[in-house]
Protein chains: 2
Amino acid sequence: MSLPYAILTALLEKPSSGLELTRRFDRSIGYFWSATHQQIYRELGRLEEAGHIRALPSAGPVRGQRKEYEVLPGGREALREWVGTPEDPKPLRSALLLRMRAAAVVGAAGLRAELARHLALHRAQLDEYLRIEERDFPAERRGTEPDRLRHLVLRGGIDLERFWVEWLTAALADLGPED
Amino acid sequence: MSLPYAILTALLEKPSSGLELTRRFDRSIGYFWSATHQQIYRELGRLEEAGHIRALPSAGPVRGQRKEYEVLPGGREALREWVGTPEDPKPLRSALLLRMRAAAVVGAAGLRAELARHLALHRAQLDEYLRIEERDFPAERRGTEPDRLRHLVLRGGIDLERFWVEWLTAALADLGPED
DNA sequence: TGTCCCATGTAAGGGGTTACATGATTGC
DNA sequence: GCAATCATGTAACCCCTTACATGGGACA
């Protein structure tokens with residue numbers, strides 16, 4: 001449901017080919033809406049058919065040849081409408097919390113190590129976000145309107161990772177040293 | 001991947017029929033691994049075929065007739081193994097953050113209302129969790145081992161909702177009154 | 001006997017993931 | 001020529017979601 005709008009947003013920020021989009025997703029929009037190149041190509045096809053984007057004239061319909069897309073007015077309008085569309089948050093799905101719940105029934109063997117592993121992963125992700133913040137939002141240029149929104153989004157990611165780091169740290173302390 | 005283990009956990013806590021499981025999911029395990037009754041019936045069939053659970057003898061294979069399941073030793077063992085299995089956290093997927101990112105490009109019309117709506121939803125979920133905590137984990141009985149784990153899981157849900165409430169509140173303040 | 005609810009399913013479709021396939025370009 | 005890489009796609013599978021179907025039991 002959301003992937004086409006993620007792609008429209010990325011293409012408005014900068015017209016790109018499928019593979020470029022995939023790369024950019026991996027280090028930007030993908031942080032809160034990930035996608036593989038197969039998904040992206042499929043969706044690009046649908047968006048083109050719907051008249052929301054078009055391939056730039058330079059590119060012929062040859063397999064294996066780079067095809068760059070840009071957003072058409074209809075696509076921009078569809079994206080604007082979508083921004084104001086209400087959509088409930090999807091219920092949480094955490095295999096880790098599920099494991100803890102199961103551990104309450106069949107024993108917590110191996111659970112501690114898994115919590116520690118997740119803690120390390122979230123710490124690493126947090127560090128990555130903080131580096132991005134330093135690079136893209138230095139203190140001096142946090143005024144402009146689009147930047148404020150983009151920075152808010154990044155802060156969401158940062159705060160969420162911080163939450164997990166803190167919660168996992170507390171959970172590990174609560175579990176004690178045993179396994 | 002996780003659903004069968006969610007079901008095994010629930011069945012170990014209490015043998016149940018498919019519909020009972022669905023109800024219990026809606027107000028317990030489903031808070032961090034939701035499932036519809038169709039998913040549950042399908043998975044019960046697979047678990048039975050795999051020899052991890054069995055229908056209690058009282059129930060014949062008649063359509064429309066209640067069938068209660070219990071976990072077999074093999075199922076318990078499979079669950080124990082799964083608890084210690086490493087699995088990376090799935091990348092975040094938030095349509096709301098995506099909308100904010102899109103709003104930075106095509107304008108934030110309607111975004112403020114949507115943030116406020118989500119804030120109300122998260123507040124409501126937080127209240128529900130807090131009621132459950134009061135009911136199931138009163139201060140006097142927070143010692144026993146399985147309860148400690150279950151309470152940790154609930155705290156995870158509580159802290160996560162609190163996180164969203166705080167972040168959304170801050171985001172709304174940051175956006176200002178305009179639309 | 002009709003109606004409601006309990007209970008267990010079936011069917012269709014969509015998105016996501018993984019593995020694989022094919023064509024173009026570049027450098028050695 | 002050949003290999004590596006860029007680039008676009010196909011195919012199969014699984015899980016989830018939604019809508020619909022069917023049977024049994026309780027009750028007026």
Side-chain angles (χ1 to χ4, degrees), chain A residues 1-8 10-11 15-26 29-50 53-56 58-69 82 87-95 98, chain B residues 1-7 10-11 15-26 29-30 32-50 53-56 58-69 82 87-95 98:
Chain A
M1 264 316 250
S2 298
L3 180 57
Y5 302 102
I7 291 177
L8 285 174
L11 283 183
S16 303
S17 68
L19 195 59
E20 272 179 319
L21 273 179
T22 305
R23 302 266 158 78
R24 289 175 53 205
F25 261 66
D26 283 346
I29 287 186
Y31 287 135
F32 44 91
W33 203 277
S34 62
T36 63
H37 80 270
Q38 293 89 338
Q39 284 177 274
I40 288 174
Y41 283 121
R42 193 199 318 158
E43 211 59 54
L44 282 172
R46 290 177 188 164
L47 284 167
E48 187 174 22
E49 196 179 7
I53 63 175
R54 65 160 186 175
L56 291 187
S58 62
V62 190
R63 188 187 178 116
Q65 194 151 334
R66 191 186 136 89
K67 225 172 20 172
E68 188 159 36
Y69 291 95
W82 179 79
E87 180 179 354
D88 284 357
K90 278 198 300 190
L92 171 64
R93 244 179 207 164
S94 165
L98 192 56
Chain B
M1 264 315 252
S2 298
L3 180 56
Y5 303 102
I7 291 177
L11 283 182
S16 303
S17 69
L19 196 58
E20 272 178 319
L21 273 179
T22 305
R23 301 268 157 76
R24 289 174 52 205
F25 261 65
D26 282 347
I29 287 187
F32 44 90
W33 202 276
S34 62
T36 63
H37 81 270
Q38 291 91 338
Q39 284 177 273
I40 288 174
Y41 283 121
R42 190 196 328 146
E43 212 59 55
L44 282 172
R46 290 178 188 165
L47 285 168
E48 187 175 21
E49 196 178 5
I53 63 175
R54 64 160 187 175
L56 291 186
S58 63
V62 189
R63 188 188 178 114
Q65 195 152 333
R66 191 188 136 88
K67 226 172 18 172
E68 189 160 36
Y69 291 95
W82 179 78
E87 180 180 353
D88 285 357
K90 279 196 301 190
L92 171 63
R93 250 187 201 154
S94 165
L98 192 56

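Reckoned from all heavy atoms, side chains included, excluding hydrogens, waters and symmetry mates. Order of the sequence lines sets the chain letters (A, B, ...), proteins ahead of strands, with each chain counted from 1.
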Worked verdict on B:E87 versus B:S2 for side chain to side chain contact (heavy atoms under 4.5 Å, CB included): CA-CA 10 Å; B:E87 180 180 353; B:S2 298; 4.3 Å; yes
Calculate the interatomic distance between [X] atom [atom1] and [N] atom [atom2]; express it in whole Å.
X     : N      : atom1 : atom2 : value
B:Q65 : C:dC6  : CD    : C1'   : 12 Å
A:E68 : D:dT8  : CD    : C1'   : 15 Å
A:L21 : D:dG9  : CG    : C1'   : 15 Å
A:I40 : D:dT10 : CD1   : P     : 16 Å
B:H37 : C:dT10 : NE2   : P     : 11 Å
A:L56 : D:dT8  : CG    : P     : 12 Å
B:R66 : C:dC6  : CZ    : P     : 13 Å
B:E20 : C:dC5  : CD    : C1'   : 15 Å

Looking at residues at least two apart in the chain, or sitting in another chain, which of them share a ring pair (Phe, Tyr, Trp, His ring centres under 6.0 Å) with [X]?
X     : result
A:F25 : none
B:Y69 : none
B:W82 : B:Y5

Pairs under 3.5 angstrom, nitrogen or oxygen only, protein versus nucleotides 13-17 of chain D, please.
residue : atom : partner : partner atom : Å
D:dC15  : OP2  : B:R46   : NH1          : 3.1
D:dC16  : OP2  : B:Q39   : NE2          : 2.7
D:dC16  : O5'  : B:Q39   : NE2          : 3.0
D:dT17  : OP2  : B:Q39   : OE1          : 3.3

Set of residues satisfying side-chain contact (heavy atoms from CB on, under 4.5 Å) with respect to A:P15, sequence neighbours excluded: A:E68, A:E70
By side-chain contact (heavy atoms from CB on, under 4.5 Å) - contacts of A:R46 (at least two apart): A:R42, A:E43
A:Y41 vs D:dG9: side-chain N/O to OP1/OP2 distance below 4.0 Å: no
